[in-house]
> 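Would you mind keeping the following structure in view while I ask a few things?
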There are 2 protein chains.
Amino acid sequence: MAEHKQIPDPTLLRMCRYLRILERHDDATISSAAIAEVAGVNAAQVRKDLSFFGEFGQPGVGYHTKELLASLKRMMGLDEEMEVVVVGAGALGSALINYPGFDNRGFRIVAVFDNNPAKVGHRLRGYEIMAFDRLKDTIAEHNVSLAIIAVPRTAAQAVADALIEAGVKGILNFAPVTLKVPDDVVVRSVDLTLQLETLAYYVRD
Amino acid sequence: MAEHKQIPDPTLLRMCRYLRILERHDDATISSAAIAEVAGVNAAQVRKDLSFFGEFGQPGVGYHTKELLASLKRMMGLDEEMEVVVVGAGALGSALINYPGFDNRGFRIVAVFDNNPAKVGHRLRGYEIMAFDRLKDTIAEHNVSLAIIAVPRTAAQAVADALIEAGVKGILNFAPVTLKVPDDVVVRSVDLTLQLETLAYYVRD
DNA sequence: CAGTGTGAAGCGCTTCACAGCT
DNA sequence: AGCTGTGAAGCGCTTCACACTG
């Protein structure tokens with residue numbers, strides 16, 4: 001996590017949503033109320049979030065759409081392409097590789113790994129599937145700092161360990177486990193069934 | 001959301017994780033400290049979370065694994081099978097249909113919908129893909145209250161509206177938009193790129 | 001006016017700390 | 001002695017309210 005921790009996590013998540021809203025906004029300016037409306041949050045929240053990064057607005061007018069977008073992208077580290085590796089070429093991994101959102105947002109998949117011998121060497125949407133033993137040199141060679149884990153639960157921690165040893169600093173984990181990682185590595189977990197299970201609670205009876 | 005709102009949302013999410021930990025635990029008893037260790041949270045947090053549902057523990061001993069598991073499953077509404085429909089049979093939808101986690105946790109997919117004429121009528125892992133015009137009667141017929149949205153961003157709100165009109169009360173949304181829904185419908189959004197984008201912030205430079 | 005930026009209040013989740021039980 | 005259940009403290013995010021600005 002290092003020294004970046006001054007900005008609240010919920011703010012960071014919302015910032016990304018604001019970016020999308022700005023990208024789809026046609027007018028030259030936009031108010032915090034307008035952003036809030038689309039994002040489904042409080043307008044004061046939007047202003048407070050933005051204020052973490054600086055003062056972009058003009059009282060009585062709002063924010064200049066393009067300017068704000070460009071500034072935020074840069075401050076979020078999304079203004080330049082970022083290399084990512086995907087580990088796990090099962091159903092989920094394949095879907096992620098095909099997912100247009102990643103390409104479109106400046107993430108470039110540089111390699112796909114899987115340890116299933118039936119898959120290694122084959123191509124998946126143009127990417128050659130490599131065995132795990134090529135993790136380290138590939139990551140070093142391309143200077144990759146982000147990885148996506150889409151392997152079964154039982155393999156996830158070992159994969160994470162290998163990725164971290166290879167120098168990865170950020171992990172997006174789709175396996176349903178809590179990964180143990182050093183302090184300087186950031187993990188985000190997306191658990192597909194967890195969310196569905198909490199819905200069951202609200203919906204039953 | 002209705003009258004269930006007394007339990008904090010973060011607690012609900014953690015409860016599901018505790019369930020998994022209990023399922024994989026071999027000893028007859030388990031302490032809050034042991035659960036906390038695996039879940040990566042504070043032990044007091046575990047006890048507080050559990051206390052929302054009742055008093056299950058035995059001072060000096062801990063919790064009886066199987067008993068606790070059974071009680072929690074029932075209280076979370078996960079003790080009986082629940083019908084789900086999936087809307088969107090693209091890469092993500094297909095991956096979700098294949099995802100073992102759903103089957104294993106008591107969710108039964110009863111129908112898959114997609115409006116792509118090239119897909120309608122075909123089968124996907126045993127499920128016939130149906131056009132959207134069959135949404136309403138299928139949901140009514142099977143008394144479905146949960147739905148998964150895995151369609152492109154632009155179609156998501158319309159799909160949500162149709163699902164809600166058909167009687168769905170809980171939606172797991174994978175499209176990158178904030179859905180507008182009535183108060184009695186619960187939405188959980190899983191945004192695949194959002195998480196990756198926040199990682200970019202921590203990892204850059 | 002219309003709308004930003006922000007101190008201060010509000011609120012809810014997390015953690016502490018300890019009484020109480022076995 | 002070991003561990004639970006919980007009141008109370010702590011802490012951080014959200015919302016309010018308003019001075020300020022073009």
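What's counted below: heavy atoms across the whole structure, side chains too, no hydrogens, waters or symmetry copies. Small disclaimer: the values here were computed from a predicted structure and weren't measured. We name chains A, B, ... by the order of the sequence lines, and we start the count at 1 in each one.
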> Just checking A/G57: base, sugar-phosphate only, or nothing, at a heavy-atom cut-off of under 4.0 Å?
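Sugar-phosphate, no base atom in range.
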
> Run the side-chain donor-acceptor check on residues 167-174 of chain B: report pairs under 3.5 Å with partners two or more places apart or on a different chain.
{"from": "B/K169", "atom 1": "NZ", "to": "B/D184", "atom 2": "OD2", "distance (Å)": "2.9"}
{"from": "B/N173", "atom 1": "OD1", "to": "B/A175", "atom 2": "N", "distance (Å)": "2.9"}
{"from": "B/N173", "atom 1": "ND2", "to": "B/A175", "atom 2": "O", "distance (Å)": "3.0"}
{"from": "B/N173", "atom 1": "ND2", "to": "B/V177", "atom 2": "O", "distance (Å)": "3.3"}
{"from": "B/N173", "atom 1": "ND2", "to": "B/S189", "atom 2": "OG", "distance (Å)": "3.0"}

> Under 4.0 Å between a Lys/Arg side-chain N and an Asp/Glu carboxylate O for A/E197 and B/R188?
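Looking at B/R188 together with A/E197, the answer is no, because their closest N to O distance does not fall below 4.0 Å.
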
> How many whole angstroms separate atom CD of A/Q45 from atom P of C/dT4?
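Result: 15 Å.
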
> Please tell me whether A/D191 and A/Q195 have a donor and an acceptor in their side chains that are separated by less than 3.5 angstrom.
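No, because no side-chain N or O of A/D191 sits under 3.5 Å from a partner of the opposite role on A/Q195.
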
> Would you call A/D79 and B/R204 a salt bridge, using N to O less than 4.0 angstrom?
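No, no charged N to carboxylate O under 4.0 Å.
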
> Quick one: on DNA chain D, does A/P10 or A/G60 contact a more 5' nucleotide (nearest heavy atom)?
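By nearest-heavy-atom nucleotide position, the 5'-most residue is A/P10.
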
> Heavy atoms of chain B, cut-off under 4.0 Å: which first and last nucleotide of DNA chain D, 5' to 3', fall inside that, if you could look?
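Footprint of chain B along DNA chain D, 5' to 3': D/dG2 to D/dA8.
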
> Does the pair B/D103/B/R125 count as a salt bridge with the N-to-O cut at 4.0 Å?
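Looking at B/D103 and B/R125, the cut-off is met.
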
> Take the protein atom CG of A/D49 and the nucleotide atom P of C/dT4, then report the distance between them rounded to whole Å.
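Value for this atom pair: 13 Å.
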
> According to the salt bridge (charged side-chain N to carboxylate O under 4.0 Å, His left out) rule, which pairs have a member within residues 43-64 of chain A, sequence neighbours left out?
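Sorted pair list: A/R14-A/D49.
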
> Expressed in angstrom and rounded to an integer, what is the separation of B/R47 atom CZ from C/dA19 atom P?
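So the two atoms are 15 Å apart, to the nearest Å.
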
> Please tell me if A/Y63 has a side-chain N or O lying less than 4.0 Å from either OP1 or OP2 of C/dA2.
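So the side-chain polar atoms of A/Y63 never come under 4.0 Å of the phosphate oxygens OP1 or OP2 of C/dA2.
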
> For residues 141-152 of chain A, please give each side-chain donor-acceptor pair under 3.5 Å, one per line with the distance, not counting sequence neighbours.
{"from": "A/H142", "atom 1": "ND1", "to": "A/T138", "atom 2": "O", "distance (Å)": "3.2"}

> Return a table of donor-acceptor pairs under 3.5 angstrom between the side chains of residues 81-97 of chain A and protein atoms on other chains or two or more places apart.
{"from": "A/E81", "atom 1": "OE1", "to": "A/R108", "atom 2": "NE", "distance (Å)": "3.3"}
{"from": "A/E83", "atom 1": "OE2", "to": "A/R108", "atom 2": "NH2", "distance (Å)": "3.4"}
{"from": "A/S94", "atom 1": "OG", "to": "A/G90", "atom 2": "O", "distance (Å)": "2.7"}

> Pull out every residue in residues 16-44 of chain B that has a heavy atom closer than 4.0 Å to any atom of DNA chain C, ordered by number, or say none.
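B/N42, B/A44, in order of number.
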
